[in-house]
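The structure appears right after this line, and notes come after that.
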Amino acid sequence: MLQFSCSFAVHCTSECHVSTRYPDRTQFFPLNSCVSDVKAHLRELQTTQSCVASERELILARVGLLDEEGKDMVICPKHRVLLGVKYCPSRKCQHPLHGRRKGKVSRGVNLKMSKEIKETWDVLVPVGSGVCRQCRGDHLRTVGSTDADSEVQDPGLASTSHPDPQIHESAEEIVEPPQLLPPATEE
């Protein structure tokens with residue numbers, strides 16, 4: 001018997017099938033028909049609500065097809081549930097810098113951070129996956145990124161920095177700002 005698979009079967013560990021959440025949906029969906037509102041879902045995951053505009057973009061981003069349009073792609077009901085607005089991330093920090101340290105997930109990875117992680121460490125961390133405050137700060141320092149596309153700066157990150165941007169309490173050594181010399185006078 002011939003079994004068909006959707007365009008996302010190669011990106012997932014599970015096989016194409018009917019979703020247990022929606023057993024009456026048995027047909028593949030054209031990816032362009034995945035237009036569910038994602039704002040509430042992204043808000044629930046504590047990530048930027050403007051980082052992706054549609055469920056289609058969210059699904060593509062979660063499998064690493066960050067610059068694809070998905071025009072001729074189809075998705076099975078099971079993969080739509082796993083990758084779309086019913087996505088349920090791990091409760092552990094997914095950032096590659098995390099290692100074995102402890103840290104409670106503070107918010108979800110946005111599209112910009114997901115792209116930066118993929119480019120820097122060649123690891124896919126799907127949009128909405130959890131990241132702890134320490135890894136978020138380490139990421140911003142390592143990548144040299146600004147958190148400009150986040151809707152709100154993480155208040156925990158702001159409390160760990162000194163008012164002078166060149167002095168960091170978390171650094172091993174304190175970097176003092178350079179002393180300015182008085183202007184030279186002619187004698």
Closest heavy-atom pair, C93 versus V105, reported as atoms and distance to 0.1 Å, is N-CG2, 3.6 Å

Please check if L124 and F8 belong to a single hydrophobic cluster, counting links between Ile, Leu, Val, Met, Phe, Trp and Tyr side chain heavy atoms closer than 4.5 Å.
no

Determine the minimum heavy-atom distance between A61 and V127, stating which atoms define it.
CB-CG2, 3.9 Å

What pair of heavy atoms forms the shortest contact from F28 to V74, and how long is it?
CD2-CG2, 3.8 Å

Evaluation steps, salt bridge (charged side-chain N to carboxylate O under 4.0 Å, His left out), between D138 and R133
CA-CA 9 Å; D138 290 349; R133 189 172 59 213; over 6 Å; no

Measure across C51 and L111 and return the closest heavy-atom pair with its distance rounded to 0.1 Å.
O-CD2, 3.3 Å

How long is the straight-line distance from OG of S14 back to NZ of K78, given to the nearest 0.5 Å?
4.5 Å

Heavy-atom pair with the smallest gap, counting every atom of S36 and R80
OG-NH2, 3.6 Å

C16 backbone acceptor or donor facing S5 side chain under 3.5 Å
no

Give a yes or no on whether L65 and F29 share a hydrophobic cluster (residues Ile, Leu, Val, Met, Phe, Trp, Tyr; joining criterion: side-chain heavy atoms under 4.5 Å apart).
yes

Can you check side chain to side chain contact (heavy atoms under 4.5 Å, CB included) on L58 and L83, steps first, answer last?
CA-CA 8 Å; L58 184 62; L83 299 169; over 6 Å; no

Which pair of heavy atoms, one from P126 and one from V109, lies closest together, and at what distance?
O-CB, 4.1 Å

Would you give the length of the straight line joining atom OG of S54 to atom NZ of K39, rounded to the nearest 0.5 angstrom?
12.0 Å

Measuring from T48:OG1 to N110:CG, what's the distance to the nearest 0.5 Å?
4.0 Å

Just how far is it from atom CG of L140 to atom SG of C135, taken to the nearest 0.5 Å?
11.0 Å

Under a single-linkage definition using a 4.5 Å side-chain heavy-atom cutoff for Ile, Leu, Val, Met, Phe, Trp and Tyr, are V63 and I117 assigned to the same hydrophobic cluster?
no

If you measure from CZ on R62 to CD on E55, what distance do you get to the nearest 0.5 Å?
9.0 Å

Between H139 and H95, how do the two ring planes meet: parallel, tilted or perpendicular, split at 30° and 60°?
perpendicular

Rounded to the nearest 0.5 angstrom, the CG-OG distance for L60 and S7 is 9.5 Å

Please check this pair: side chain of S129 against backbone of P89, looking for a donor-acceptor N/O pair closer than 3.5 Å.
no

For L97, does its backbone N or O pair with a side-chain atom of R101 as donor and acceptor, under 3.5 Å?
yes

Mind running side chain to side chain contact (heavy atoms under 4.5 Å, CB included) on D24 and V18 for me, showing each step along the way?
CA-CA 8 Å; D24 56 323; V18 176; over 6 Å; no

Hey, are the side chains of Y87 and L82 touching, using non-hydrogen atoms and a 4.5 Å cut-off?
no

Hydrophobic cluster membership, with links at side-chain heavy-atom distances under 4.5 Å among I/L/V/M/F/W/Y: are I75 and M73 in one?
yes

Is the side chain of T120 donor-acceptor paired with the backbone N or O of E116 at a distance under 3.5 Å, no angle test?
yes

R56 (side chain) donor-acceptor with G70 (main chain) under 3.5 angstrom:
no

Between L45 and V131, is there shared hydrophobic-cluster membership here, with clusters defined by ILVMFWY side-chain heavy atoms closer than 4.5 Å?
no

Just by distance, do the side chain of E57 and the backbone of A53 share a donor-acceptor pair under 3.5 Å?
yes

So, Q94 side chain and K92 main chain: donor-acceptor pair closer than 3.5 Å or not?
yes

